[in-house]
Amino acid sequence: MKLRYEASTIYFIQPQLSHVSGGSIYNLEIIKRLEQEARGKGFFYALNSPVTELIERFNALPANYAFVLDGLYLTIPEFKASVAKFSPYFQRIYLMLHYLESRNIYYSNQQKEALWIGEKLWLKAVNGIIVPSLQMRDYLSIQGIEKDKITVAFPGMEKVQKSRLSHPKKLSEKEPINLITVGTFSQGKGQLDLVQMLAQMQAKNFRLHLIGDCKQNASYTEEILAIIKRSQMEYCIILHGYLPQQAIFDLFPQCALYLSPSTYESYSMATAEAVVHGLPVLAYATGAIVDWIEDGGNGILIEPGKQEQFFKALTRLLTVRNELTQLRTNALAHISNLSFNSWDKTYQDFLQAFNKD
C-alpha cells in the first residue's frame, strides 16, 4: 500500500476560467475551508502558462507543502508532456480530477488512446487522486490505476427549502412547456445536438432556457444561433448566457423538465441541483447522474451516444403531457430519498487523500 505524503500545508492550484463550472465551484469551496482552517491556500495558474514557472514556484515553497493540481492542466499537451520535469515533486502532488479528456465520446478511439497514454503517466506518477464520483474511481481502477490512491469526495449540495419547491400543476395543451439546461457551451455539453432535435419537431410547444457561458466557444454558439434563426425558434429558445447560481435556482420552479444532453460527465453538479429542486430530468446515463435518477421514476435515462432515443423521449414528453406531469410529481416526491454531501463533508472527504497510509 502506497504511503501518502504527510503535508502541513496544502497548496491548491487551479486555472482561472472565463466561466463558472461545477469543478471551479467545487475547488473554491475546498480552498475556502483550507484557508479558514489555515491548512492551505489557493493559487490561480493560467492553463497555458510556461511549466517552468510552476516548477520554480514548487521549488521555492517549503518541503512539507503538498500540491493539488486541477486535472484540467492535463488537457494542455505541453503540460501533459512535461511529466518528467515534475518527477522530483510527485511524492507531494495530488490531482483533483473533475474531467478526463480521453473519455470524450466525440474523439475517435485512436485519439482517445493517444490522450490516455499521457493521462495515465500522470495518474500513475502522482501520490494521490481526488475524484467527485464512484464512477470515476471505478473507471480509473479498471484502467489499472491503483484504487488505494484514489479518494472519492462527492460535491456538496445545498438543501432546498420546501417553500421554494414548485408543486406541479397540470399543463394545458396550449401552454408552452418550459425546459432548462445548464452548462458551458461546448460540443461535449450537447447544446447544439439539443437545438437540432427541437428544430425537427413540428409543434413548437416549448420554451427552452439555454444557460451557460456562450463566449468561450464562439463558433459553436454561432452554429446554435444559426439553427435557431433558420428554424424560426427565436421565441422558443432563450439563450441567457451566463447566469449567477441564484438566478438559475430562481428559474427552476418555472420549468417542467431539466435536460442534460451532455455525453460525458464525471459528476454533473448542474443536474444534481435540478434534482434537489424537484425537477424531473431527461439525461444520458453518464457519471453520477445514474445515482440520483431512477429511470422512469424521477426522470428518463438514455444510453450515451443514442441521440435518436433521446429525441424520441423528448418528443414523447412534449406531446404526452400526462407522462411529464407524472414525472414531475415523482421527482418532487423523490427528493426525500436523496442524500447529498454538505460542503463541509466534502471537505472532510477531500482531506482523507492526505491521511491514508
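Keep in mind that the numbers below use all heavy atoms, side chains included, and drop hydrogens, waters and symmetry copies.
- A distance of 4.0 Å separates CZ in Arg321 from CD1 in Ile177, rounded to the nearest 0.5 Å.
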Q: Evaluate the criterion side-chain hydrogen bond (donor to acceptor under 3.5 Å, both in side chains) for residue pair Glu265 and Ser262; output intermediate values, then yes/no.
A: CA-CA 7 Å; Glu265 296 282 354; Ser262 175; 2.9 Å; yes
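- Using the six-membered ring where Trp is involved, Tyr89 and Phe67 have ring planes that are perpendicular, over 60° apart on the 30 and 60° scheme.
- Of the possible polar contacts, one joining the Thr329 side chain to the Thr325 backbone as a donor-acceptor pair under 3.5 Å is found.
- Under the 4.5 Å side-chain heavy-atom criterion for ILVMFWY residues, no single connected hydrophobic cluster contains both Val281 and Val320.
- Under the 3.5 Å distance criterion, the side-chain polar atoms of Gln309 are left unmatched by any main-chain donor or acceptor of Lys306.
- Distance CE/Met201 to CZ/Phe311: 5.0 Å, rounded to 0.5 Å.
- For Tyr267 and His98, the distance between ring centers is not under 6.0 angstrom.
- You'll find the side chain of Pro132 stays beyond 4.5 Å of the side chain of Val152, heavy atoms only.
- Within a 6.0 Å radius of CD in Gln246, more than 12 heavy atoms belonging to other residues, nucleotides or ligands are found.
- Remark: side-chain polar atoms of Thr184 are not paired, donor with acceptor, to backbone N or O of Asp213 under 3.5 angstrom.
- Remark: the backbone N or O of Gly183 is paired with a side-chain donor or acceptor of Gln191 at under 3.5 angstrom.
- Val83 has its side chain within reach of Phe90: a pair of non-hydrogen atoms, C-beta onward, lies under 4.5 Å apart.
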Review item, side-chain donor-acceptor pairs of residues 46-60, under 3.5 Å, at least two apart:
{"unit_1": "Arg57", "atom_1": "NH1", "unit_2": "Tyr11", "atom_2": "OH", "d": "3.0"}

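- Atom CD of Gln232 has 12 or fewer heavy atoms from other residues, nucleotides or ligands within 6.0 Å.
- No single ILVMFWY cluster, assembled from side-chain heavy atoms under 4.5 Å apart, contains both Val131 and Leu28.
- In this structure, Ile117 is not a member of the same hydrophobic cluster as Leu100, with clusters built from ILVMFWY side-chain heavy atoms closer than 4.5 Å.
- Classification of Lys229 and Glu234 as a salt-bridged pair fails, no side-chain N sitting under 4.0 Å from a carboxylate O.
- More than 12 heavy atoms of other residues, nucleotides or ligands sit less than 6.0 Å from atom CD of Gln200.
- Exactly one residue among Glu119, Glu113, Lys120, Lys112 makes a side-chain hydrogen bond (donor to acceptor under 3.5 Å, both in side chains) with Ser102. That residue is Glu119.
- Taking CH2 of Trp292 as the reference point, atom CG of Leu338 lies at 9.5 Å (rounded to 0.5 Å).
- At least one donor-acceptor pair closer than 3.5 Å links the side chain of His277 to the backbone N or O of Glu273.
- Note: Leu257 CG to Leu314 CG = 7.0 Å, rounded to the nearest 0.5 Å.
- Taking the centre and axis of the six-membered ring of Tyr235, the NZ or CZ atom of Arg207 falls outside the cone set by 45° and 6.0 Å.
- Looking at Asp138 and Gln135, their side chains never come closer than 4.5 Å, going by heavy atoms from C-beta outward.
- Between the Asn341 side chain and the Phe154 main chain, a donor and an acceptor come within less than 3.5 Å of each other.
- Nearest heavy atom pair, residue Ala256 against residue Leu279, reads C-CD2, 4.1 Å.
- Criterion: ILVMFWY side-chain heavy atoms under 4.5 Å apart, direct or through other members. Under it, Tyr107 and Met136 are not part of a common hydrophobic cluster.
- A pairwise comparison of heavy atoms in Glu323 and Ile300 identifies OE2-CD1, 4.2 Å as the closest pair.
- Checking each of Phe12, Tyr45, Phe79 against Leu69 for a side chain to side chain contact (heavy atoms under 4.5 Å, CB included) leaves exactly one that passes, namely Phe79.
- Across all non-hydrogen atoms, the minimal contact from Met269 to Met157 is O-CE, 4.3 Å.
- Counting only heavy atoms from C-beta outward, the side chains of Leu115 and Asn104 never approach each other to under 4.5 Å.
- A donor-acceptor contact shorter than 3.5 Å links the side chain of Asn217 to the backbone of Phe185.
- The distance from atom CZ of Phe252 to atom CG of Asn178, rounded to the nearest 0.5 Å, is 13.0 Å.
- Residue pairs satisfying the salt bridge (Lys or Arg N to Asp or Glu O under 4.0 Å) criterion with at least one member in residues 18-36, sequence neighbours excluded, are listed as follows: Glu29-Lys32, Glu29-Arg33, Arg33-Asp344.
- Summarising the geometry, atom CD1 belonging to Ile238 is positioned 10.5 Å from atom CD1 belonging to Ile228; distances are rounded to the nearest 0.5 Å.
- When side chains are defined from C-beta on, Asp291 does not count as touching Ile289, because their heavy atoms never get closer than 4.5 Å.
- No donor-acceptor pair closer than 3.5 Å links the side chain of Asp349 to the backbone N or O of Ala153.
- Ring centroids of Trp122 and Tyr73 are separated by 6.0 Å or more, keeping the two rings apart.
- Of the options Phe350, Tyr347, Trp343, a ring pair (Phe, Tyr, Trp, His ring centres under 6.0 Å) to Tyr26 is made by Trp343 and by none of the others.
- In this structure, Cys236 and Phe206 have side chains that are in contact, with non-hydrogen atoms separated by less than 4.5 Å.
- Remark: the backbone N or O of Ser186 is paired with a side-chain donor or acceptor of Tyr220 at under 3.5 angstrom.
- The nearest pair of heavy atoms linking Pro261 to Thr181 is CD-OG1, 3.5 Å.
- Using modelled atom types, one side-chain atom of Thr319 and one backbone atom of Arg316 make a donor-acceptor pair closer than 3.5 Å.
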